[in-house]
Amino acid sequence: MACFIVPAAEAVVTTIVKRAVKKKEVKTRTAESSAELSSDRARELTEQTCGVPLSEKLKWLNTMLWGGTALLAFEHVWHGEVTPWFPFLTAASNPAETAEMLHEMATSGVAMAVLVTAVWGVMAAVSGVIVKRSSGEQPAKAQTQEEA
């Protein structure tokens with residue numbers, strides 16, 4: 001009924017956080033570049049030391065959340081659960097259905113938001129491992145296999 005509202009709310013929050021992080025990264029890059037480094041060199045050093053910037057990782061999360069929200073909203077419109085007139089959600093017009101809608105938001109909506117965020121966390125961790133491997137560092141497990 002309205003399970004897409006929970007991931008949409010998370011997407012709004014992460015969009016705001018992403019913009020704040022991006023501003024901070026730009027300020028850091030500007031400070032580095034003004035301290036005798038060209039902006040290209042500063043960006044190169046930042047990517048080498050940090051891997052994928054946090055703002056880029058948050059962009060991945062936002063894309064996943066907004067995309068899922070759009071698909072779920074379309075599905076709810078298709079089934080007539082969301083209308084273009086007030087109260088917009090058909091379940092909000094009846095108190096019994098409103099309770100069912102809130103229960104769906106608390107169970108399905110939260111579960112979807114948590115699952116998307118967990119998948120994003122795994123993606124971010126894997127990207128960190130890939131960046132470390134590409135920079136020449138080998139994980140401890142690979143080193144012990146080579147020594148044996």
Side-chain angles (χ1 to χ4, degrees), residues 1-84 88-92 98-148:
M1 288 178 210
C3 58
F4 66 93
I5 292 175
V6 177
E10 182 183 357
V12 168
V13 170
T14 57
T15 299
I16 293 167
V17 170
K18 180 189 74 108
R19 289 184 181 174
V21 167
K22 182 112 176 147
K23 283 183 182 180
K24 186 176 180 181
E25 288 174 352
V26 168
K27 284 182 183 179
T28 304
R29 285 185 195 150
T30 305
E32 288 176 355
S33 64
S34 65
E36 77 187 70
L37 292 174
S38 68
S39 61
D40 291 334
R41 181 70 179 143
R43 186 177 309 118
E44 184 180 312
L45 287 174
T46 303
E47 288 175 359
Q48 285 177 355
T49 58
C50 300
V52 180
L54 180 58
S55 62
E56 186 66 25
K57 291 177 183 177
L58 287 171
K59 181 180 173 186
W60 301 343
L61 178 59
N62 283 333
T63 302
M64 293 167 62
L65 288 169
W66 284 119
T69 297
L71 286 173
L72 284 168
F74 175 75
E75 186 268 335
H76 287 302
V77 169
W78 185 268
H79 289 179
E81 296 169 349
V82 177
T83 59
F88 306 112
L89 299 169
T90 56
T98 302
E100 183 182 343
M101 175 188 70
L102 293 174
H103 177 71
E104 180 183 330
M105 288 171 62
T107 55
S108 300
V110 170
M112 287 186 291
V114 167
L115 180 64
V116 168
T117 305
V119 168
W120 169 77
V122 170
M123 286 174 48
V126 168
S127 73
V129 170
I130 291 171
V131 168
K132 282 183 181 179
R133 284 189 180 175
S134 68
S135 68
E137 297 177 16
Q138 293 182 352
K141 194 179 266 187
Q143 289 176 353
T144 57
Q145 290 176 353
E146 290 175 3
E147 293 172 0

Strictly distance-based, threshold 3.5 Å: is any side-chain N or O of [X] a donor or acceptor partner for the main-chain N or O of [Y]?
X    : Y    : answer
T98  : A91  : yes
S108 : M105 : no
E25  : S55  : yes

Step by step, would you call V82 with T90 a side-chain contact (heavy atoms from CB on, under 4.5 Å)?
-> CA-CA 6 Å; V82 177; T90 56; over 6 Å; no
Pairs of donor and acceptor atoms involving the side chains of residues 111-122, under 3.5 Å and at least two apart or interchain, shall be tabulated with distances.
unit_1, atom_1, unit_2, atom_2, d
T117, OG1, E10, OE1, 3.4
T117, OG1, E10, OE2, 2.5
T117, OG1, A113, O, 2.8
W120, NE1, K57, O, 2.5

Which value, rounded to the nearest 0.5 Å, describes the distance between [X] atom [atom1] and [Y] atom [atom2]?
X   : Y   : atom1 : atom2 : value
T83 : L89 : OG1   : CG    : 7.5 Å
I16 : L58 : CD1   : CG    : 12.5 Å
T14 : M64 : OG1   : CE    : 11.0 Å
K22 : K18 : NZ    : NZ    : 7.0 Å

Of all the heavy-atom pairs spanning [X] and [Y], show the shortest one and how long it is.
X   : Y   : value
L65 : A11 : CB-CB, 3.7 Å
W66 : A8  : CH2-O, 4.1 Å
C3  : L72 : SG-CD2, 4.4 Å

Heavy-atom side-chain proximity of E56 to K59 below 4.5 angstrom = yes
With side chains defined as the heavy atoms from C-beta onward, is the minimum distance between K23 and R19 less than 4.5 Å?
-> no
May I have the step-by-step check of side chain to side chain donor-acceptor pair (under 3.5 Å) for S127 and W60, ending in yes or no?
-> CA-CA 12 Å; S127 73; W60 301 343; over 6 Å; no
